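Accompanying notes for the structure given below.
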Amino acid sequence: MNHTSTAERMLRGILLTLVLLFFLFPIFWIFLMSFQTNEDILRIPPSPFFTPTLENYIALISGKLSTVAGDLDIAFMRNLWNSVLLSSLSVGVALILGVPAAYAFARFKFRLGENIAFTLLSFRFAPPLLVLLPLSLYFSELGLSDTYLGLVWVYQLIALPLILWIVRGYFEDISPDIENAYRIDGHSWAKTFRKIAIPLARPGIAAASLLAFIFCWNNFVFALVLASADKQPVTVGALAFVTASGIQYGQVASAIVLSVTPTLLLALYAQRYLVEGLSLGAVKG
Amino acid sequence: MTTLELNAVKKSFKDDEVLSGLSLSADEGETVVIFGPSGTGKTVLLRLISGIYDPDDGDIRMDGTSMIGIAPEQRGVGMAFQNFALYPHMEASENIASPLHARGGTPAQIAEKVRDIASLLKIDHVLGHRPKELSNGQKQRTALARALVAGPKILLLDDPLRNVDAKLRFEMRLELPRLLREFQSTTLYVTQDYKEAMALGDRIAVLLNGGFAQVATPEDIYRDPVNIEVAKLFGDPTINLIPSSIVSESGHIHIDLAGSRVALSADYGHAAGREIYAGIRPEAIGVSQTPIEDALQVELIAVTPLNERVVMLLHLADGTEFFASSPEDGAADSREHGPAFASINPATLLIFDRESGQRIQPHTP
């Protein structure tokens with residue numbers, strides 16, 4: 001079946017390498033930067049040769065940033081923890097609300113069903129800044145500003161529509177007869193949902209959760225407006241590296257490396273669910 | 001004893017009435033084949049009985065208890081779907097065990113029952129496989145095993161042989177009656193293959209236009225169809241329908257087929273003068289190229305072998321086409337295009353009213 005010649009294979013290899021270089025180079029450069037001092041980074045012309053230092057990481061982890069203008073306290077580790085907490089809680093809440101809702105939208109026709117689903121989706125295209133001003137007023141009124149609860153709630157604007165729409169598609173792909181068969185066997189509706197619908201939609205649920213997690217993780221503007229320093233995630237916390245004595249590129253780079261790592265690990269872990277076949281040949285081909 | 005009773009069951013989807021008030025009752029251990037062309041609502045009927053759909057009107061009773069408003073999981077029926085509907089994330093053994101888990105029992109008892117039914121259906125060697133690793137025949141047997149394993153009082157089989165190859169279909173057609181007898185379940189079997197219907201059914205219920213046109217034993221349906229539509233559904237080649245009329249002449253009744261007379265019993269006297277279709281089963285026509293007494297003069301156009309039979313295309317004097325079939329007797333080769341003689345046994349003639357399509361029965365005094 002292999003009709004490709006050696007030349008073609010080589011060409012393909014070269015092209016793939018070029019594409020990889022193009023996309024991975026910035027990340028690789030940032031990785032190098034995270035081990036350099038600010039002086040090394042700002043050297044002209046730039047050079048890939050330098051004496052590696054762990055100074056940036058030490059500063060981040062210990063929370064003490066030394067600049068020429070004096071020592072600064074930075075809450076990077078706290079921000080990182082906030083990111084983990086906010087993103088996981090948001091995805092968790094969105095799963096609890098979104099998966100049953102997705103099932104309902106996929107299986108049952110009800111009045112205004114499509115409208116409700118579309119309204120939820122439309123949250124994705126509303127510019128966040130538009131809702132932020134009224135939201136911040138409501139939040140201070142309700143005592144929700146600068147609370148994890150408030151942030152997780154707002155993050156549902158990001159996570160819920162994503163989970164709802166992706167998972168709905170996966171539920172729709174499951175033949176209703178598989179669920180009907182399980183109920184005729186004598187199992188309750190709730191058990192059918194748990195034992196048939198959820199396991200069969202698992203690749204979709206995993207994909208949607210991962211995406212939602214990344215989107216929450218990368219969110220900047222909600223937390224910037226609605227939370228103060230001790231509740232802020234890394235995206236907002238990175239602003240602290242713009243100091244009176246200049247931008248701390250080294251720390252920014254190491255902060256990026258540290259904050260990308262959890263999502264990267266999660267993506268690698270979730271990959272096996274993402275590629276898992278959905279239908280698995282239950283129904284005739 | 002009646003285990004399943006349908007009473008004026010109606011079901012519509014939007015404005016489309018699929019079942020318009022049909023009734024049926026099935027006795028314990030009986031196999032009733034629901035037969036009809038595709039799109040007549042056979043599958044809908046099974047889904048109403050299993051509880052996937054609710055009827056708009058009418059009643060469904062099992063052992064005398066109304067099932068209206070009872071959830072599928074509480075009805076205790078067994079069902080095999082046309083598309084198998086196996087659980088893709090479970091091994092064949094777990095698929096089969098599913099109804100047993102719902103009914104309770106120790107793991108050892110469940111495992112034993114699964115093994116028993118699997119060896120009965122010859123799938124014990126693939127119990128550890130997931131559905132995607134099974135062949136279509138094995139999938140179908142797994143689905144059948146799942147429907148049967150809990151010994152349901154009512155078994156619903158939705159065209160289970162539709163998606164398997166011809167050899168397997170034939171095997172199962174032989175095997176199923178034995179299996180169904182063993183389980184003593186009242187079985188509703190949906191199919192659109194008339195041979196399958198005739199082979200498996202204690203009775204056949206012909207579903208046409210939202211209702212049962214006829215419910216009877218296979219022999220009665222074949223010999224004694226109530227109307228043209230039912231007559232056309234059974235037989236290969238299909239029944240010949242030749243337009244004619246019933247003529248009464250000095251006490252003798254006959255029909256006129258392109259100038260040739262076929263005498264009818266005097267019991268058709270009440271229908272004299274009516275426009276009819278003469279329904280003649282191809283195998284009830286004897287064809288010979290040597291003259292026979294009282295035979296129709298026909299033209300033999302073509303001879304085609306069909307399995308163990310030969311099918312002959314014949315023309316009446318006015319060019320009306322009809323088919324005759326007879327067992328392959330070696331004489332086929334000698335038959336050639338040209339004049340021939342067709343003899344029709346008047347007792348096998350089915351007379352249908354030309355306008356309504358209804359059967360005209362002889363009136364015995």
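We name chains A, B, ... by the order of the sequence lines, and we start the count at 1 in each one. Everything quoted here is computed from the prediction, not taken from an experiment.
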Review point. So does A:Phe125 have more than 12 non-hydrogen atoms from other groups sitting under 6.0 Å from CZ?
Key: yes
Review point. Is the number of heavy atoms from other residues, nucleotides or ligands within 6.0 Å of CZ (A:Phe28) greater than 12?
Key: no
Exercise for review: May I ask you to test the B:His89-A:Ile178 pair for a side-chain heavy-atom distance under 4.5 Å?
Suggested key: no
Revision key, fill the gap. In this structure, CG of B:Asn95 is separated from OH of A:Tyr182 (nearest 0.5 Å) by 10.0 Å
Point to revise | Any donor-acceptor pair under 3.5 Å from A:His187 side chain to B:Ser98 backbone | key: yes
Point to revise | More than 12 heavy atoms of other groups within 6.0 Å of A:Phe110 CZ | key: yes
**Study point:** Side-chain touch A:Ile184/B:Phe81, heavy atoms, less than 4.5 angstrom
**Key:** yes
Study note, to complete from the structure: Closest non-hydrogen atoms of A:Ser188 and B:Glu73, given as atom of the first, atom of the second and distance, are CA-OE2, 3.6 Å
Check your understanding: Distance-only, no hydrogens or angles: does the B:Arg146 side chain make a donor-acceptor pair with backbone N or O of A:Ala181 under 3.5 Å?
Key -> no
**Study point:** Part of B:Arg75 lying under 4.5 Å from any heavy atom of chain A
**Key:** neither
Point to revise | B:Leu100 vs A:Asp185 side-chain heavy atoms within contact, under 4.5 Å | key: no
**Study point:** Audit row: A:Glu179, B:Ile52, side chain to side chain contact (heavy atoms under 4.5 Å, CB included) steps and yes/no
**Key:** CA-CA 10 Å; A:Glu179 290 174 35; B:Ile52 299 170; over 6 Å; no
Review point. Are more than 12 heavy atoms from other residues, nucleotides or ligands located less than 6.0 Å from atom NZ of B:Lys167?
Key: no
Practice item. For A:Tyr148, look at atom OH and say whether over 12 heavy atoms of other residues, nucleotides or ligands are found less than 6.0 Å away. Key: yes
Practice item. Flag the pair A:Asp177 / B:Arg47 as yes when at least one side-chain heavy-atom distance between them is below 4.5 Å, and no otherwise. Key: yes
Check your understanding: Can you find a heavy atom in the side chain of B:Pro72 that is under 4.5 Å from one in the side chain of A:Asn180?
Key -> no
Exercise for review: Look at atom CH2 of A:Trp153 and say whether more than 12 heavy atoms of other residues, nucleotides or ligands are closer to it than 6.0 Å.
Suggested key: no
Exercise for review: Calculate, to the nearest 0.5 Å, the distance between atoms NZ and NE2 belonging to A:Lys191 and B:His101 respectively.
Suggested key: 8.0 Å
Practice item. Please say whether more than 12 non-hydrogen atoms of neighbouring residues, nucleotides or ligands are located less than 6.0 Å from CZ in A:Phe193. Key: yes
